[in-house]
Protein chains: 2
Amino acid sequence: MADRRALDALDVALLTALREHRRAGDLELSRITGVARATVTARLERLEAAGVVTGYGPDVDVSAAGFGVQAFVTLEIAQGAIDAVTRDLEAIPGVLEAHATTGVGDVLCRVAARSHEALQQTLVDLNRSSAVVRSTSVVALSEIVPWRTLPLLETAAAPSAGRSAMRRAGAPVTPDR
Amino acid sequence: MADRRALDALDVALLTALREHRRAGDLELSRITGVARATVTARLERLEAAGVVTGYGPDVDVSAAGFGVQAFVTLEIAQGAIDAVTRDLEAIPGVLEAHATTGVGDVLCRVAARSHEALQQTLVDLNRSSAVVRSTSVVALSEIVPWRTLPLLETAAAPSAGRSAMRRAGAPVTPDR
DNA sequence: CGGCCGACTGTGCATCCTGCGCAGCTTCTG
DNA sequence: CAGAAGCTGCGCAGGATGCACAGTCGGCCG
């Protein structure tokens, strides 16, 4: 549920501005994007309601936090044991995320650990799950392309959904009060 | 650089509180965690300076934004062509992230697309890179364990690094002002 | 074609937070 | 033992937030 129409240019502009000026408030955003403060508030609320914006996390760099080793593990699991595996994975703190994928009931998960030894231990924990038949893992050496979503969203941005929004994008706007 | 000592309980508490009360300010956080406002400010600044906190979202659900198809692609690339591949990958909006991994000069990347057809197209774009020798991909069916980092950080949280921090965690604290 | 409705704009306020500085303690370190 | 570092409490001024509302503009529908 919730994926309706694509975002428009204003939405993406807001998202971008929000990403750059980390702690910008509505007023600040309205200045940056050149729309009224109330509009900013409304758009953000809509984005959150639509589930597009799921939070404002702090983004944590696990590597900087002392967990410099990351690996991607492919699990081959027993038929219909997804639920069991899910539970087991959730119980292991080292598992950062996991996805069910196409293939022979495969699961791809990402784990982090403090060191190679700790990683080894985590992998052992993974295999302890009775539903896991086999596992193969590759260690991440470096981050080639850091996580990003804006480039993709930009490709989907309709010129301007709102009727008058951003019409005079370049013109000096007299903001609120 | 930057990965020094592990976080302490207060740091994790702050991170957790920030994650839940999305738009909480310093004052709000100080109430939640029971420390002085100035302390909250200082800790967060330190976390950012240490590179542990790299930003404050917004966290975008690409699926909700209309890109419901995600896949993990393993690329086998030509010797020493990492740089070239990096550039090519960055140029493709559909690439959400990419890591160099152990193996025969492999790269694991994650791509998102609006539909299976669009994904196909993105994969074609990937293979267009002259440095890519071969690629295999698995489609993500569902998110078993959604992205998380706090469970891991909690395992590393020293009881309380700051000398007096959180000493009377339960006691009613008279906050700022 | 005219009217309705949703989206955006500008204001106006009262309230509350933020950013900054500072003095006083307490604990850890050299 | 002295200095450094980390927290606590406070105060203040500028400024943001939350909320409300009237007025427009452009699109959709009968």
Side-chain angles (χ1 to χ4, degrees), chain A residues 4-15 17-18 20-50 52-53 56 58 157-177, chain B residues 4-15 17-18 20-50 52-53 56 58 157-177:
Chain A
R4 59 215 84 281
R5 76 191 169 303
L7 321 180
D8 71 359
L10 215 199
D11 290 317
V12 176
L14 284 174
L15 258 24
L18 211 39
E20 292 172 351
H21 304 16
R22 37 206 59 193
R23 287 196 128 171
D26 292 356
L27 224 186
E28 184 78 358
L29 293 178
S30 83
R31 288 203 207 96
I32 297 174
T33 55
V35 295
R37 182 166 69 105
T39 304
V40 172
T41 309
R43 296 295 275 242
L44 287 181
E45 266 173 12
R46 230 179 306 158
L47 284 175
E48 287 177 31
V52 175
V53 171
Y56 295 89
S160 169
R163 32 227 115 270
S164 61
M166 301 197 76
R167 67 199 136 173
R168 61 240 176 308
V173 180
T174 303
D176 231 348
R177 54 183 342 249
Chain B
R4 59 216 85 281
R5 76 193 169 299
L7 322 181
D8 70 359
L10 215 200
D11 289 318
V12 176
L14 284 175
L15 258 22
L18 255 184
E20 292 172 353
H21 305 11
R22 37 206 59 195
R23 289 195 127 172
D26 291 355
L27 223 186
E28 184 77 358
L29 293 178
S30 84
R31 291 205 204 94
I32 297 174
T33 54
V35 295
R37 182 167 69 104
T39 305
V40 172
T41 309
R43 297 294 274 243
L44 288 181
E45 265 173 13
R46 230 178 307 157
L47 284 175
E48 289 177 30
V52 175
V53 171
Y56 294 90
S160 169
R163 32 231 114 266
S164 60
M166 301 196 76
R167 68 199 135 173
R168 61 231 179 312
V173 179
T174 304
D176 229 354
R177 66 182 319 263

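Both backbone and side-chain heavy atoms feed into the values below; hydrogens, waters and symmetry mates do not. Every chain is numbered from 1 and lettered A, B, ... according to where its sequence line falls, protein lines coming before strand lines.
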Rounded interatomic separation in angstrom, taking [atom1] from [X] and [atom2] from [N]:
X: A:L47; N: C:dA7; atom1: CG; atom2: P; result: 13 Å
X: A:L14; N: C:dC8; atom1: CG; atom2: C1'; result: 13 Å
X: B:L44; N: C:dT18; atom1: CG; atom2: P; result: 11 Å

Tell me, please, which residues at least two apart from A:E45 pass side chain to side chain donor-acceptor pair (under 3.5 Å).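 Listed in chain order: nothing, the list is empty.
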Please list, chain by chain and in numerical order, all residues satisfying side chain to side chain donor-acceptor pair (under 3.5 Å) with B:E28, sequence neighbours excluded.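 By the side chain to side chain donor-acceptor pair (under 3.5 Å) rule, B:E28 matches B:R31.
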May I ask you to verify if any side-chain N or O of A:R43 is less than 4.0 angstrom from the OP1 or OP2 atom of C:dT9?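 For C:dT9, OP1/OP2 do not have a side-chain N/O of A:R43 under 4.0 Å.
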Search all heavy atoms of A:A24 against all heavy atoms of A:L18 and return the closest pair with its distance.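 Taking every non-hydrogen atom into account, O-CD1, 4.2 Å.
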Distance-minimising heavy-atom pair for B:D26 and B:V40: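 Of all heavy-atom pairs spanning B:D26 and B:V40, the closest is O-CG1, 4.0 Å.
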Hey, mind stepping through B:T33 and B:L10 against side-chain contact (heavy atoms from CB on, under 4.5 Å) and telling me if it holds? CA-CA 8 Å; B:T33 54; B:L10 215 200; 4.3 Å; yes
Summarise how protein sits on nucleotides 12-19 of chain D as a single string, 5' to 3': B when a protein heavy atom is under 4.0 Å from the base, S for sugar-phosphate-only contact, - for no contact. ----SBBB
I would like to know whether B:V52 and B:D11 meet side-chain contact (heavy atoms from CB on, under 4.5 Å); could you show each step before the answer? CA-CA 10 Å; B:V52 175; B:D11 289 318; over 6 Å; no
